[in-house]
Every structure is written in C-alpha cells, then in structure tokens.
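The structure appears right after this line, and notes come after that.
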Amino acid sequence: MSELKYWVWLSSLPGLSPASRARLPRRLGGVKETYFARAEDYERLDFLTPREREALENKGLGFANRAIEACLEGNIDIVTIGDGNYPARLREIDAPPLVLYVRGRLPDIDELCAVAVVGTRDASLYGLRMAHNMGYGLTKCGALVVSGLTRGIDETAARGALQAGGGCVGVLGTPIDAVRPYAGIAYDVSLAGALVSEYAPGTPFSSRFFRERNRITSGLAAATLVVEAPAKSGALLFVSEALEQGREVFAVPGNADSARSEGSNRLIMEGAQPALTAWDILSGFAWRFPSISEDGKRKLPPEELVEAGVEAAARSAAEGAKRGRAEGGKAPEKKKAKSARGAPKKAAGRFFAKKDVDKPEAEEYIDLKKQLSELSAAQLKIVAAITGRHTHVDDIIERCGLPAAEVLGELTMLQIKGFVSQEPGKRFSLNITQK
C-alpha cells in the first residue's frame, strides 16, 4: 500500500508511452526508485525520449492521491502489476499496464480460457445473432468472454455471456469513471464480472485510449474471435495486436459478397481458424483449462434470449445515434478512424428500423400473469422485495433474506429480462404491471 501512490503516479504521468512505463520499474529497480530517480538516472536509459525524460521530472503526487481517494469512494479496486492478483497472462505482454482499475470482481483470468470477441459497430442482423450465440456458447462451455463493450458485435457478445448466466470482463477505452456505472451493459458487466481500465478516475480523455486498450483486451485473452469485420475495421488492428502477443485468432465466416464480412473472411483466407460454434474455438483449449466442458458445445440460447440480445443492441445503437446528433458529433467514439464514424447511426437506420424496438418507456411494461411463471424462486423473492419504485438494493437484500452476491447477480438477470430497471444510487424499480 505504501507504494500505491507511486504506481498511480507513473501509470498516469502524461507524456510516457505504455512501453516506457512498463520498462522503467524493471530498469531502475522498482516503482519507488523510479519516482526518486534523478535526471542523470533517466539520461542513462536509452529507451526514453527527451520528452519522456522531461515528463519524469514532474514529481507531483496530487493527481495520484486524488485518484486513490476517488477509487475508495467509488468502490473501485486498484490492482498494480506487482500484486499477486494481477493476471499473469497480461503481465507477459510487451507493454503491460502498470495499474488496472477494476469495478466489480476480477475473476482468476489465468485459470480460465478467456476469449476476446470483437467486430464491427455497424453489424448486420446475422453478425449480431452470431455474436450473441458465440458469447452464450463460450460461457456455457466454461470460457470467459472479454469485450470492449462497444456497440455492435462487442456489446452483443457480452450480452450473450450474461444471458448464459456467466460473467464477463469489459475493457474500457476510457477512464474508469467516465462510463456511467449504473447504465446499460457496463452496469450489468460490473455486477456479473468486472469493468477494467488502465486510466485512473479524473484522467482527461484521449482518442488514443481506444487503440491502447487493444493490447489489454487481447492480452487478457487466450484467443481472439472476430465475428464480423469489414475490410477497414478496427477489429483488424485488434487482430494484429493479438498476433503480436502470440494469441490464436478465429473468425466467423460471412457471406462472400457481404462488405461487413470482407475483413473477417480475409482473415480466414490468410490463416485464421474458422469458427461456426463456440466449441470450434474451445476444443483446442480443453487440455489446458479444466473449466472447459464439452457438455455445452451444442447448447444454443433460447430464441427469446437471442431476440432480446439483438433488440438490446438495436436500442444501444439508436441511443448512440441520438447522443451523437444531440452532441453535434463530439462523442469520444467520433474521434476514431473514418471507418467507424456514423456506424451506430447506420445500424439503427438500416437494420433495425423495421423491428420498432426503440419503444417509449410506457410500452416497456410486461404482463405480470404471463411472465412471472418463468422466474426462479430466488428471482420471485427479489421481485416481491421491490415494494415500490426506487427501492434501494440494501432494502431488497434485507427483505428477501438471500446472500448479497446472489441478489446482485439475480438483479442483473432480471434487468436483462426486462423485469427490473436500475436508477442511480443503487435503486431499483419493477417494469411489471398487472393487466
């Protein structure tokens, strides 16, 4: 704990590349030694640029102390590269992040066959279905889905994993506090798994964060799966990072004349392994990971879960398009390459307009008599414990008499199924009404 402020200082210091950050403690004998090193010590390190040597002269700890305090207040864990629970798989890459900020519970990633699922934001219905099925199937077979949680393929694969009853690790391309913790897929992932970022609370956003995130997402995973990617897709840059790290790459075949599958089909032609099901990926890893089970290899999600996952992706794309219009195109995603610009808007307009899934809130209530029969005994207890709108999670736990971890997990599933909505302040309301 005494060195934590130095880890946060070095990992957050502007002007340093990820590779230089990672090499400094190794060359100077530790992070504390890096902080107290003199200018002549930095001069002897040939990998540092003049700008980086100048940046290291900034010994202020104000930002580091504020970031640590924000993490304590926000229930965010700080995992440094020197900690025992830092993933060894990630530590082995060329430029591992010195610090991981974690919202949720980080699983023992080294014991799991983690698969990074990536693809285009501007996904087709076929791509979304395959992403959902792959996320679901990977989880049912005992693997862990790692996702960047961006709209389209990434988010839909994460939803499939959650609907299979498992966890997920979402790697953010923003500071850990920049994503609203009680909204959408990020909140669901934080309950059932973990949100991870290398950027401390309060870090000014930079568009380079999205590219730098790739090395972490692929570094956490044993393999990468590309579901749908056009010829000029960010997913292909992700694949380059994964190959440099020695990770295996798989791709879902698409129609030969589909522009959205041009990049992923090309990957298969160049040597990526084709994958039609989750077991096509996991069968080669079963000898390494005892958690993998062949029992789930033929299990597909129920049709209603697939439909729910696709509709959720549609709503997310539509909301992203609305935000982009409202903010005049100034959202962080808009700063990426031209191939990504406007993708959410295209997806909402071209693929989902006929499905009419972006419904007014008044139409989202579901019939009580028809729907409650599908809930488990634990879920029924939780529904009964939500006695009014804006019920605090502590009151729900106390009333239903179940362990807190079980209640949080079941609340996630109830939100995914549409029975419960979440408001700021860890408060919940029912989305059901008697008819």
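Because the structure is predicted, anything quoted here is derived from the model rather than measured.
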I would like to know whether I78 and V102 meet side chain to side chain contact (heavy atoms under 4.5 Å, CB included); could you show each step before the answer?
-> CA-CA 6 Å; I78 304 176; V102 181; over 6 Å; no
Quick one: do L402 and I397 satisfy side chain to side chain contact (heavy atoms under 4.5 Å, CB included)? Show the steps, please.
-> CA-CA 6 Å; L402 297 172; I397 294 171; over 6 Å; no
Under the side chain to side chain contact (heavy atoms under 4.5 Å, CB included) criterion, do L430 and F419 qualify, and how do the steps go?
-> CA-CA 6 Å; L430 294 178; F419 286 88; 5.7 Å; no
Derivation and outcome, side chain to side chain contact (heavy atoms under 4.5 Å, CB included), residues L195 and L149 | CA-CA 10 Å; L195 295 177; L149 301 183; 3.5 Å; yes
Stepwise side-chain hydrogen bond (donor to acceptor under 3.5 Å, both in side chains) test for S291 and E111 = CA-CA 8 Å; S291 63; E111 297 299 318; over 6 Å; no
Where do E52 and S20 land on the side-chain hydrogen bond (donor to acceptor under 3.5 Å, both in side chains) test, with the steps shown first?
-> CA-CA 8 Å; E52 289 177 323; S20 294; 2.9 Å; yes
Given the rule in the side-chain hydrogen bond (donor to acceptor under 3.5 Å, both in side chains) test, do Y187 and Q422 qualify, once you have shown the distances and angles that lead to the verdict?
-> CA-CA 9 Å; Y187 174 73; Q422 164 78 24; 3.2 Å; yes
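In this structure, S233 OG and R260 CZ are separated by 12.0 Å, a value rounded to the nearest 0.5 Å. To the nearest 0.5 angstrom, R27 atom CZ is 8.5 Å from L48 atom CG. Rounding to the nearest 0.5 Å places CD of E248 at 10.5 Å from CG of L243. Distance CD1/I68 to CD1/I76: 12.5 Å, rounded to 0.5 Å. Rounding to the nearest 0.5 Å gives a distance of 8.5 Å between CG of D94 and CD of E241. In this structure, CD in E262 is found 11.0 Å from CG in D257, a value given to the nearest 0.5 Å.
When side chains are defined from C-beta on, L220 does not count as touching R89, because their heavy atoms never get closer than 4.5 Å. Looking at F428 and S421, their side chains never come closer than 4.5 Å, going by heavy atoms from C-beta outward. Put simply, the side chain of V118 does not reach to within 4.5 Å of the side chain of L225, judged on heavy atoms. By the 4.5 Å heavy-atom criterion applied to side chains, C71 and D77 are not counted as neighbours. Contact annotation: the side chain of V226 never approaches that of V117 to less than 4.5 Å [non-hydrogen atoms, C-beta and beyond]. In this structure the side chain of T203 reaches within 4.5 angstrom of the side chain of F63, judged on heavy atoms. In this structure, the side chains of S264 and V252 stay at 4.5 Å or more apart for every pair of heavy atoms. A 4.5 Å side-chain heavy-atom check between I81 and P97 finds every atom pair outside the cut-off.
A side-chain donor from one of Q245 and S218 sits under 3.5 Å from a side-chain acceptor of the other. Side-chain contact annotation: T217 with N214, donor-acceptor N/O pair under 3.5 Å absent. Looking only at atom types and distance, the side chain of Q163 has no donor-acceptor partner in the side chain of Y136 under 3.5 Å away. Inspection of the D154 and T150 side chains reveals an N or O donor paired with an N or O acceptor under 3.5 Å.
The main-chain N or O of F209 is never found under 3.5 Å from a side-chain atom of S206 such that the two would form a donor-acceptor pair. Judged by distance alone, with hydrogens and angles left aside, the side-chain atoms of E410 form no donor-acceptor pair with the main-chain N or O of I382 at under 3.5 Å. Remark: the backbone N or O of A164 is not paired with any side-chain donor or acceptor of T139 at under 3.5 angstrom. In this structure a side-chain-to-backbone donor-acceptor pair under 3.5 Å is present from R213 to G148. Remark: the backbone N or O of A95 is paired with a side-chain donor or acceptor of R215 at under 3.5 angstrom. Distance alone, capped at 3.5 Å, places no donor-acceptor pair between the R247 side chain and the A242 backbone. Distance alone, capped at 3.5 Å, is enough to place a donor-acceptor pair between the D280 side chain and the T277 backbone. Under a 3.5 Å cut-off, the side chain of S11 and the backbone N or O of V8 do form a donor-acceptor pair. Using modelled atom types, no side-chain atom of N75 and backbone atom of R103 make a donor-acceptor pair closer than 3.5 Å. When atom types are taken as modelled, the side chain of N265 and the backbone of G254 share a donor-acceptor pair closer than 3.5 angstrom.
Taking all atoms of both residues into account, the shortest heavy-atom contact from I153 to G127 is CD1-O, 3.4 Å. Annotation for C113 and L282: closest pair SG-CD2, 3.7 Å, computed over non-hydrogen atoms. The two residues A275 and F250 make their nearest non-hydrogen contact at CB-CB, 4.3 Å. S147 and C168 make their closest contact through CB-SG, 4.4 Å (heavy atoms, listed as atom of the first residue, atom of the second, distance). Closest approach of V420 to I386, counting heavy atoms only: CG2-CD1, 4.0 Å. The minimum heavy-atom distance between M130 and L276, with the atom names listed, is CE-O, 3.6 Å.
Ion pairing between a basic and an acidic side chain is recognised when a charged N comes within 4.0 Å of a carboxylate O; E198 and R21 show no such pairing. The existence of a salt bridge linking E155 and R159 is confirmed by a sub-4.0 Å separation between a basic side-chain nitrogen and an acidic carboxylate oxygen. The pair R208-E212 meets the salt-bridge criterion, with a side-chain N (NZ, NE, NH1 or NH2) lying under 4.0 Å from an Asp/Glu carboxylate O.
With ring centers used as reference points, F210 lies 6.0 Å or more from F238. Between Y101 and Y199, the gap from one ring centroid to the other reaches at least 6.0 Å.
Applying the 6.0 Å contact sphere to CZ of R91 captures more than 12 heavy atoms from other residues, nucleotides or ligands. In N85, the CG atom is crowded: over 12 heavy atoms of neighbouring residues, nucleotides or ligands sit closer than 6.0 Å. The number of heavy-atom neighbours closer than 6.0 Å to CG of D108, taken from other residues, nucleotides and ligands shown, is above 12.
The side chain to side chain contact (heavy atoms under 4.5 Å, CB included) test with Y86 is passed by exactly one of L98, T80, L100: L100.
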